[in-house]
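Proteins get letters first, then strands, A, B, ... in listed order; numbering begins at 1 in each.
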2 protein chains.
Amino acid sequence: MRIGELADRAGTTTRSLRYYEEQGLLPARRTANGYREYDEDDLRAVNEIRSLLAIGFALEDTRPFVECLRAGNPTGDVCPASVAVYRRKLDELDDCIARLQAVRAQVAAAVERNQGEDSCCKRSPTRTSRTGC
Amino acid sequence: MRIGELADRAGTTTRSLRYYEEQGLLPARRTANGYREYDEDDLRAVNEIRSLLAIGFALEDTRPFVECLRAGNPTGDVCPASVAVYRRKLDELDDCIARLQAVRAQVAAAVERNQGEDSCCKRSPTRTSRTGC
DNA sequence: GCTGGCCTTCACATCGGCGTCAAGGTTTAC
DNA sequence: GTAAACCTTGACGCCGATGTGAAGGCCAGC
């Protein structure tokens with residue numbers, strides 16, 4: 001299949017696929033006219049990449065999983081290198097969660113201190129903003 | 001005091017202070033020669049900004065706190081607008097923590113599935129990478 | 001008067017994973 | 001033959017907070 005179909009089937013864009021190729025994660029055969037040509041294995045690789053990205057892995061961290069798949073394994077996570085990434089991610093997640101929980105506690109305490117307070121303020125206008133996690 | 005001293009005392013850089021000014025968070029008086037001149041209130045404002053940034057607030061989210069301080073309040077968080085930001089941040093933190101915990105569980109399960117496994121792989125090299133939370 | 005250490009503004013670089021456009025080649029359908 | 005729908009490479013834009021550097025002004029001490 002060509003890049004457009006692969007993108008559609010994987011629920012992504014051609015731009016992303018070319019980017020993965022550029023990063024050495026998705027080498028592509030070329031047809032005579034220079035078009036990239038992909039097969040079902042490539043689709044599996046892209047799905048692996050996408051599902052890992054979706055849970056917050058960096059693209060680079062998906063590499064062992066993709067290589068594991070390419071090596072002929074049923075899934076990308078049966079290889080030691082993949083499991084190593086998983087473990088590192090677990091540590092990072094634990095650190096991150098702990099930090100966020102500490103911040104949460106700190107913010108919650110601050111809210112409590114200043115909630116019913118008439119210790120209010122003297123002026124200051126209002127505004128809005130956006131999210132981001 | 002001038003910008004270099006303020007930066008030193010606040011534990012940041014002149015670049016950052018100029019950026020805060022550019023964002024309208026830290027207006028500066030100028031001396032005759034064009035140098036920025038700051039006082040102790042400005043130091044407090046910068047400290048407020050820095051401590052909020054340090055716990056993951058966006059610069060824009062520090063605005064109500066700074067304005068609250070500027071309005072003459074003892075701390076930046078006694079104003080309703082500040083508390084509103086706190087509350088929104090709490091929600092964001094809860095969402096974020098929940099997502100990360102879900103991911104953590106998913107990754108932990110995957111590690112468990114593939115840990116002692118001789119279901120190993122067939123080849124695939126090794127690599128390294130870096131952190132980031 | 002000269003050196004060094006401040007200060008000024010302007011503006012480009014960083015990181016990651018793309019979006020998006022430009023300018024062009026190819027192939028298919030009518 | 002020509003329009004439509006693919007494909008190609010290349011390159012700039014984005015976001016946020018800041019690093020970094022260039023080119024120049026100002027001031028204190030020697």
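For the pair B:Glu37 CD and D:dC27 P, the interatomic distance rounds to 13 Å; values are reported in whole Å. Rounded to whole angstrom, the span from the CD1 atom of A:Ile49 across to the P atom of C:dG16 amounts to 16 Å. In this structure, A:Leu26 places its CG atom 12 Å from P of C:dC18, rounding to the nearest Å. Atom P of nucleotide C:dC18 and atom CG of A:Leu25 are separated by 11 Å, given to the nearest angstrom. Rounded to an integer number of Å, the gap from CG of B:Leu6 to C1' of C:dC7 is 14 Å. Rounded to a whole Å, the CD atom of B:Glu22 is 14 Å from the P atom of D:dG19. In this entry the distance linking CD of B:Glu5 with P of D:dC27 reads 18 Å, nearest Å. A straight line from CG of B:Leu17 to C1' of D:dG19 spans 14 Å, rounded to a whole angstrom.
For B:Arg36, a side-chain nitrogen or oxygen approaches OP1 or OP2 of C:dT8 to under 4.0 Å. Taking 4.0 angstrom as the limit, B:Thr14 places none of its side-chain polar atoms (N or O) nearer than this to OP1 or OP2 of C:dC7. Close to D:dA17, at under 4.0 Å from its OP1 or OP2, lies no side-chain N or O of B:Ser16. Residue A:Tyr19 has no polar side-chain atom (N or O) positioned under 4.0 Å from OP1 or OP2 of C:dG19. Checking the phosphate oxygens (OP1, OP2) of C:dT8, a side-chain nitrogen or oxygen of B:Arg18 falls inside 4.0 Å.
Residues A:Leu26 and A:Phe57 do not share a hydrophobic cluster, clusters being chains of Ile/Leu/Val/Met/Phe/Trp/Tyr side chains in contact below 4.5 Å.
A salt bridge links A:Arg29 with A:Asp42: the distance from a Lys NZ or Arg NE/NH1/NH2 to an Asp or Glu carboxylate oxygen falls below 4.0 Å. Between B:Arg18 and B:Glu21 there is no salt bridge, since no side-chain nitrogen of the basic residue lies less than 4.0 Å from a carboxylate oxygen of the acidic one. A:Lys89 has a carboxylate O that lies under 4.0 Å from a charged side-chain N of A:Asp61, or vice versa, which qualifies the two as a salt bridge. Using a 4.0 Å cut-off between charged side-chain N and carboxylate O, A:Glu40 and A:Arg44 make no salt bridge.
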Reading nucleotides 20-30 of chain C 5' to 3', which nucleotides get B (base under 4.0 Å from a protein heavy atom), which S (sugar-phosphate only), which -? B----BBS---
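Nearest to the side-chain atoms of A:Leu53 among the listed nucleotides D:dT9, D:dA17, C:dC18 stands C:dC18.
With no hydrogens or angles considered, a side-chain donor-acceptor pair links B:Arg50 and B:Tyr20 at under 3.5 Å.
Judged by distance alone, the side chain of A:Thr62 and the main-chain N or O of A:Leu52 form no donor-acceptor pair under 3.5 Å.
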